[in-house]
Amino acid sequence: MTVEADKPADDGRKLALVTGATRGIGAAIAQRLAGDGHRVIGTATSDQGAAQISEALADEGEGLVMRVEDEASVADAYRQIEDRYGMPLVIVNNAGVTRDNLLLRMKSEDWQTVVQTNLSSMYLVIKPALRNMMKARWGRIINLSSVVARMGNPGQSNYVASKAGIEGFTRSLAQEIASRGITVNAVAPGFIETDMTAQLEPDQVRQMRERIPAGRLGSVEDIAHAVSFLASDGAGYVTGETLQINGGLYMG
Ligand SMILES: NC(=O)c1ccc[n+]([C@@H]2O[C@H](COP(=O)([O-])OP(=O)(O)OC[C@H]3O[C@@H](n4cnc5c(N)ncnc54)[C@H](OP(=O)(O)O)[C@@H]3O)[C@@H](O)[C@H]2O)c1
């Protein structure tokens, strides 16, 4: 999908890129950042998803296709963004997938898909935007991890490896670019009501709810609120951190 030509290029708003903004947590983050006054580019894996994002964001931004594990797709999306708006000063790496199975039964492609989509995408999506953030001496990078990065979770070794990798990556990049006014943080949601968790059996959901001290699953707004804070000017001294948002499920 090409970026529409009838929207204004420079109206003083900071540009925020949110990957995986068609639904769930990413859609809520895109809406929240738009409400905070950012111009938002939300990404999808299909033209239909991109059109849906454009409709949801209306004048506050638009959707385009970016497959975060595919270098050519990322480059193509960035070409469109740069031509139309310049490069983003806020990046929210939200796109993520699961392919759950015990390691003994896990297919190689399920390992590769999860690690490439969730973790290798950090390299592909962040690197092209870094120079511009350095020049601006301002940037906000927020990466979606998960509570299971620290807890571990049987049947999710691929997913947990990718999320634990994100947290280590976040701390390292934060140290590399802190002096340039760019912060890099992770947000680790607990059990949030989205399509991703809707795949679970009702019994699993009930058991999980019983383990959450807050007594409820999290909402997508719980996560969007934290991302909004980390993207703000006021969070300029917070970097390399992983913010746990899990209703008390895990406090380690
Ligand atoms: N839900 C939870 O309880 C929970 C807990 C902890 C962490 N998280 C993390 O939070 C993030 C969002 O989770 P969610 O539950 O909102 O997920 P979701 O409802 O399954 O949505 C996933 C999003 O990622 C996009 N996506 C999938 N594969 C992609 C690819 N290869 N390239 C680009 N985009 C891709 C999807 O786009 P399409 O619609 O176009 O496929 C969709 O917008 C993920 O990183 C997830 O690991 C979620």
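Worth saying up front: this structure is predicted, and the values here are computed from it rather than measured.
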Can any side-chain N or O of Gln31 pair as donor or acceptor with the backbone N or O of Ala28 at less than 3.5 Å? no
4.5 Å side-chain heavy-atom contact, Thr45 and Val65: no
Could you measure the distance from the CG atom of Asp59 to the OG atom of Ser54? Nearest 0.5 Å is fine. 11.0 Å
Looking at CZ of Arg140 and CZ of Phe229, how far apart are the two atoms once the value is rounded to the nearest 0.5 Å? 9.5 Å
So, the side chain of Tyr78 versus the backbone of Val125: is there a donor-acceptor pair under 3.5 Å, distance only? yes
Compare all side-chain heavy atoms of Val184 with those of Asn143 and state whether any distance is below 4.5 angstrom. yes
Working to the nearest 0.5 angstrom, can you tell me the gap between Ile29 CD1 and Asp36 CG? 11.5 Å
Using a 6.0 Å cut-off, check whether atom CZ of Arg150 has over 12 heavy atoms from anything other than its own residue. yes
Please test Val187 against Leu230 for side-chain contact (heavy atoms from CB on, under 4.5 Å), starting from the C-alpha separation and ending with a verdict. CA-CA 9 Å; Val187 165; Leu230 291 171; 3.5 Å; yes
Could you check Met133 against Ile91 for side-chain contact (heavy atoms from CB on, under 4.5 Å), going step by step and ending with a plain yes or no? CA-CA 10 Å; Met133 288 186 193; Ile91 295 180; 3.8 Å; yes
Crowding at CD, Gln207 (>12 non-hydrogen neighbours, <6.0 Å): yes
Measure the CE-OG distance between Met106 and Ser157 for me, rounded to the nearest 0.5 Å. 3.5 Å
Just by distance, do the side chain of Ser73 and the backbone of Glu69 share a donor-acceptor pair under 3.5 Å? no
Write down the atom of Glu62, the atom of Leu57, and the distance for their closest heavy-atom approach. N-CD1, 3.8 Å
Between the side chain of Thr43 and the main-chain N/O of Gly20, is any donor-acceptor distance below 3.5 Å? yes
Do Ile166 and Leu119 make a side-chain contact, defined as non-hydrogen atoms from C-beta onward lying under 4.5 Å apart? yes
If you measure only the distance, is there a donor-acceptor pair under 3.5 Å linking the side chains of Glu167 and Ser145? yes
Any side-chain heavy atom of Ile126 sitting closer than 4.5 Å to one from Leu173? yes
How far does CG of Asn158 sit from CG of Leu103, to the nearest 0.5 angstrom? 8.5 Å
Which heavy atom in Thr194 sits nearest to a heavy atom in Gly24, and how many Å separate them? CG2-CA, 4.0 Å
Under a 4.5 Å cut-off applied to non-hydrogen side-chain atoms, are Thr183 and Ile177 in contact? no
Does some side-chain heavy atom of Asn246 sit less than 4.5 Å from a side-chain heavy atom of Phe191? no
Assess the residue pair Asp110 and Thr113 against the criterion (side chain to side chain donor-acceptor pair (under 3.5 Å)); give the C-alpha distance rounded to whole Å, side-chain angles, the decisive distance to 0.1 Å, and a yes or no. CA-CA 5 Å; Asp110 289 338; Thr113 297; 5.3 Å; no
Give a yes or no answer on whether the side chain of Asn93 reaches the backbone of Met122 with a donor-acceptor pair at less than 3.5 Å. no
Is a side-chain N or O of Asn153 found less than 3.5 angstrom from the main chain of Gln156, in a donor-acceptor match? no
Could you go through Leu200 and Arg206, starting from their C-alpha distance and side-chain angles, then the distance that decides it, and tell me whether this counts as side-chain contact (heavy atoms from CB on, under 4.5 Å)? CA-CA 10 Å; Leu200 299 171; Arg206 185 184 47 75; over 6 Å; no
Knowing that exactly one of Leu130, Val92, Thr239 qualifies, which makes a side chain to side chain contact (heavy atoms under 4.5 Å, CB included) with Ile141? Leu130
Pairwise side-chain contact, Val40 with Glu60, heavy-atom cut-off 4.5 Å (strictly under): no
Report yes if some heavy atom in the side chain of Gln244 is under 4.5 Å from a heavy atom in the side chain of Val147; otherwise report no. yes
Tyr159 versus Val97, closest heavy-atom pair with distance: CD1-O, 3.4 Å
Show the numbers, then the answer: is there a side-chain contact (heavy atoms from CB on, under 4.5 Å) between His38 and Arg13? CA-CA 5 Å; His38 296 287; Arg13 289 191 263 178; 5.8 Å; no
Tell me if the CD atom of Gln112 is crowded by more than 12 foreign heavy atoms within 6.0 Å. yes
Does Arg105 have more than 12 heavy atoms from other residues, nucleotides or ligands lying within 6.0 Å of its CZ? no
Do any N or O atoms from the side chain of Thr19 and from the backbone of Ala95 form a donor-acceptor pair under 3.5 angstrom? yes
Polar side-chain atom of Asp222 near backbone of Ser219 as donor-acceptor pair, under 3.5 Å: yes
Tell me whether Lys163 contacts the main-chain N or O of Leu144 through its side chain, where contact means a donor paired with an acceptor under 3.5 Å. yes
Can you tell me how far the CD atom of Glu201 sits from the CE atom of Met208, to the nearest 0.5 Å? 13.5 Å
Crowded around Glu210 CD? As in, over 12 foreign heavy atoms under 6.0 Å? yes
Main chain of Glu241, side chain of Asn185: is a donor-acceptor contact present, judged purely on distance under 3.5 Å? yes
Nearest heavy-atom contact between Val160 and Val148 is CG1-O, 3.3 Å
Minimum heavy-atom separation for Thr170 and Ala186, please, with both atom names. CG2-N, 3.7 Å
Minimum heavy-atom distance between Ala231 and Val90, given as atom pair plus value: CB-CG1, 4.1 Å
